[in-house]
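This report refers to the structure that appears directly beneath it.
Only this structure's heavy atoms are used, side chains among them; waters, hydrogens and symmetry mates stay out. Throughout, protein chains are lettered first and strands after them, A, B, ... in sequence-line order, and every chain is numbered starting at 1.
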Amino acid sequence: MNHELLLGWWDTAARDLPWRRPSCTAWGVLISEIMLQQTPVSRVEPIWHEWLARWPVPSAMAASSQGEVLRMWGKLGYPRRAMRLHEAATVIARDFDDVVPSDIETLESLPGIGSYTARAVATFAYGQKCAVVDTNVRRVVARAVHGAGDAGPPSTKRDLRDVEAILPSSQEDAAVFSAALMELGALICTARNQKCADCPLFAECAWQLAGRPAYAGPEKKVQKFAGTDRQVRGRLLDVLRGAPGPVPKLQLDVVWNDITQREKCLVSLLDDGLVEQTRDGLFALPGEH
DNA sequence: AATACGTGGGG
DNA sequence: TCCCCAAGTAT
């Protein structure tokens with residue numbers, strides 16, 4: 001891997017995203033990483049600004065209710081992420097003196113923070129030298145290094161080894177390199193319609209050299225959405241987000257016809273702590289009654 | 001290892 | 001319209 005080519009490309013092509021600015025705190029980086037899980041940059045950016053203005057430090061968020069956080073999360077999707085971040089903020093405020101931890105192990109012990117996010121925070125917020133493996137990186141490595149059309153199923157250990165093998169030796173370059181690898185996957189080496197003509201690695205890309213063979217791995221399953229519990233849960237929660245306070249059950253019942261599924265989803269939301277029931281039988285976002 | 005978990009934009 | 005996909009995590 002020619003690091004210079006990638007780093008040079010980063011200098012001219014990287015997007016100016018707010019969580020990449022030197023002034024951005026580790027807390028800001030953490031929020032961005034959670035929001036960006038399975039969610040496009042374009043939808044995250046405006047919400048991220050609102051969050052940083054409202055909750056500049058973890059303790060500020062910890063002082064807000066979960067319902068408040070869910071409202072601010074809006075329609076970013078997977079609202080359990082917001083709940084877990086609120087939980088993480090509470091732990092950080094209480095146990096870590098309001099400072100986002102910098103070591104991977106501690107980060108991974110926090111709710112909602114897994115291998116990727118822990119490494120991303122350690123790298124992008126604290127400049128540590130460690131491999132950061134997300135879907136973009138896996139795809140770039142699959143092509144540029146292995147000459148495959150796309151990444152196969154994730155294999156935590158192997159994926160980590162693959163990236164560690166191409167990480168620059170200097171700590172100074174490692175963080176930028178990881179960011180650049182991700183950026184390349186997001187802008188150039190995309191899942192569909194790759195822009196190989198603009199790729200800084202074109203000349204050394206194993207996939208190009210192999211004649212761009214088609215993906216040969218196991219078929220990828222695309223998740224259905226229409227008709228699933230996810231859709232029903234989303235609609236139920238949307239009612240509560242749109243209401244100023246607790247709502248009667250009837251207001252939830254109208255969002256889905258299948259009674260059995262609707263009830264099941266409401267129960268699961270209650271189980272997940274995303275919804276609460278008031279003493280008088282109304283339904284509300286957690287902490288908002 | 002496979003599956004559940006939201007939402008919306010682009011081809 | 002429908003299908004794919006977008007900086008994953010928890011179980």
Side-chain angles (χ1 to χ4, degrees), chain A residues 14-15 17-20 28-48 70 73-85 87-88 107-125 131-141 150-160 163 175 178-187 189-194 215 217-241 255-256 261 264-265 268-269 271-275:
Chain A
R15 292 166 291 180
L17 300 174
W19 44 86
R20 287 178 177 166
V29 171
L30 174 57
I31 291 177
S32 78
E33 293 301 342
I34 299 292
M35 289 183 168
L36 287 163
Q37 291 169 6
Q38 306 283 282
T39 308
V41 166
S42 59
R43 289 171 52 204
V44 164
E45 210 170 339
I47 309 285
W48 182 89
L70 285 175
W73 188 258
K75 306 196 81 167
L76 277 186
Y78 293 142
R80 293 192 295 190
R81 288 182 291 168
M83 295 288 282
R84 289 172 180 148
L85 184 50
E87 228 182 303
L107 284 162
E108 274 195 85
S109 75
L110 297 171
I113 300 186
S115 172
Y116 162 75
T117 303
R119 290 166 172 277
V121 170
T123 299
F124 304 135
V132 181
V133 183
D134 76 332
T135 187
N136 288 309
V137 171
R138 282 174 19 79
R139 186 172 53 248
V140 171
V141 169
D150 199 355
S155 163
T156 312
K157 287 194 141 182
R158 184 174 49 72
D159 294 342
L160 220 44
V163 177
S178 289
L181 220 44
M182 290 174 61
E183 190 75 340
L184 191 70
L187 300 181
C189 195
T190 47
R192 293 173 298 184
N193 305 108
Q194 313 84 21
Y215 172 67
E219 196 175 332
K220 315 214 176 197
K221 296 168 190 172
V222 181
Q223 291 192 59
K224 294 292 179 208
F225 179 66
T228 62
D229 290 355
R230 282 199 336 286
Q231 181 177 28
V232 181
R233 285 166 55 105
R235 287 196 185 180
L236 291 170
L237 214 48
D238 198 38
V239 170
L240 297 180
R241 273 195 308 261
V255 304
W256 199 256
Q261 189 181 20
K264 169 174 169 253
C265 288
S268 76
L269 286 171
D271 278 349
D272 290 346
L274 288 161
V275 175

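- R43(A) comes within 4.0 angstrom of a base, heavy atoms only.
- At the heavy-atom level, A120(A) lies nowhere under 4.0 Å from the strands shown.
- DNA chain B is contacted by both D238(A) and S155(A); S155(A) maps to the nucleotide lying nearer its 5′ end (nearest heavy atom per residue).
- Between the CZ atom of R158(A) and the C1' atom of dA1(B) there is a distance of 14 Å, given to the nearest Å.
- Going from the C1' atom of dG8(C) to that of dA1(B) covers 16 Å, rounded to whole Å.
- Among the protein residues, S32(A) comes within range of no part of the nucleic acid, since none of its heavy atoms lies under 4.0 Å from any strand.
- For R241(A) and dT7(B), the shortest distance from a side-chain N or O to OP1 or OP2 is below 4.0 Å.
- Contact check, T39(A) against dT7(B): no side-chain N or O comes under 4.0 Å of OP1 or OP2.
- Counting any heavy atom pair closer than 4.0 Å across all strands shown, L236(A) reaches no nucleic acid atom.
- The 5' end of DNA chain C is approached more closely, in terms of each residue's nearest nucleotide, by E33(A) than by the other of L110(A) and E33(A).
- Residue V222(A) places its side chain closer to dC5(C) than to any other of dG6(B), dA7(C), dC5(C).
- Closest non-hydrogen pair, L110(A) versus A88(A), comes out as CB-CB, 4.4 Å.
- Across every non-hydrogen atom of I34(A) and R81(A), the tightest pair is O-NH1, 3.0 Å.
- L17(A) and E45(A) get closest at one heavy-atom pair: CD2-OE1, 4.0 Å.
- Contact check, R233(A) against dG6(B): a side-chain N or O comes under 4.0 Å of OP1 or OP2.
- Under 3.5 Å, the side chain of R230(A) and the base of dT7(B) form no donor-acceptor pair of N or O atoms.
- Distances shown here put every side-chain N or O of K220(A) at or beyond 4.0 Å from the OP1 or OP2 atom of dC4(C).
- Taking only side-chain nitrogens and oxygens, Q38(A) comes nearer than 4.0 Å to OP1 or OP2 of dG8(C).
- If you check every strand for non-hydrogen atoms under 4.0 Å, D272(A) touches nothing.
- Side chains of V163(A) and V141(A) form a contact here, defined as non-hydrogen atoms less than 4.5 Å apart.
- With DNA chain B read from its 5' end, the first of the two nearest nucleotides for L237(A) and P153(A) is the one closest to P153(A).
- A side-chain donor-acceptor contact under 3.5 Å links E33(A) and Y116(A).
- Within 4.0 Å (heavy atoms only), T228(A) reaches no atom of the nucleic acid at all.
- Q223(A) comes within 4.0 angstrom of a base, heavy atoms only.
- In this model, the phosphate group of dG8(B) is approached by a side-chain N or O of K75(A) to a distance below 4.0 Å at OP1 or OP2.
- Here dC3(C) presents its P atom at 13 Å from CZ of R192(A), a figure rounded to the nearest Å.
- Under 4.0 angstrom from either OP1 or OP2 of dA6(C) there lies at least one side-chain N or O belonging to R139(A).
- Backbone-only contact: S115(A) has heavy atoms under 4.0 Å from sugar-phosphate atoms and none from a base.
- Among the heavy atoms of the strands, none lies under 4.0 Å from W73(A).
- G114(A) comes within 4.0 angstrom of sugar-phosphate atoms only, judged by non-hydrogen atoms across all strands, and of no base.
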Salt bridge (charged side-chain N to carboxylate O under 4.0 Å, His left out) between D238(A) and R235(A), intermediate numbers included: CA-CA 5 Å; D238(A) 198 38; R235(A) 287 196 185 180; over 6 Å; no
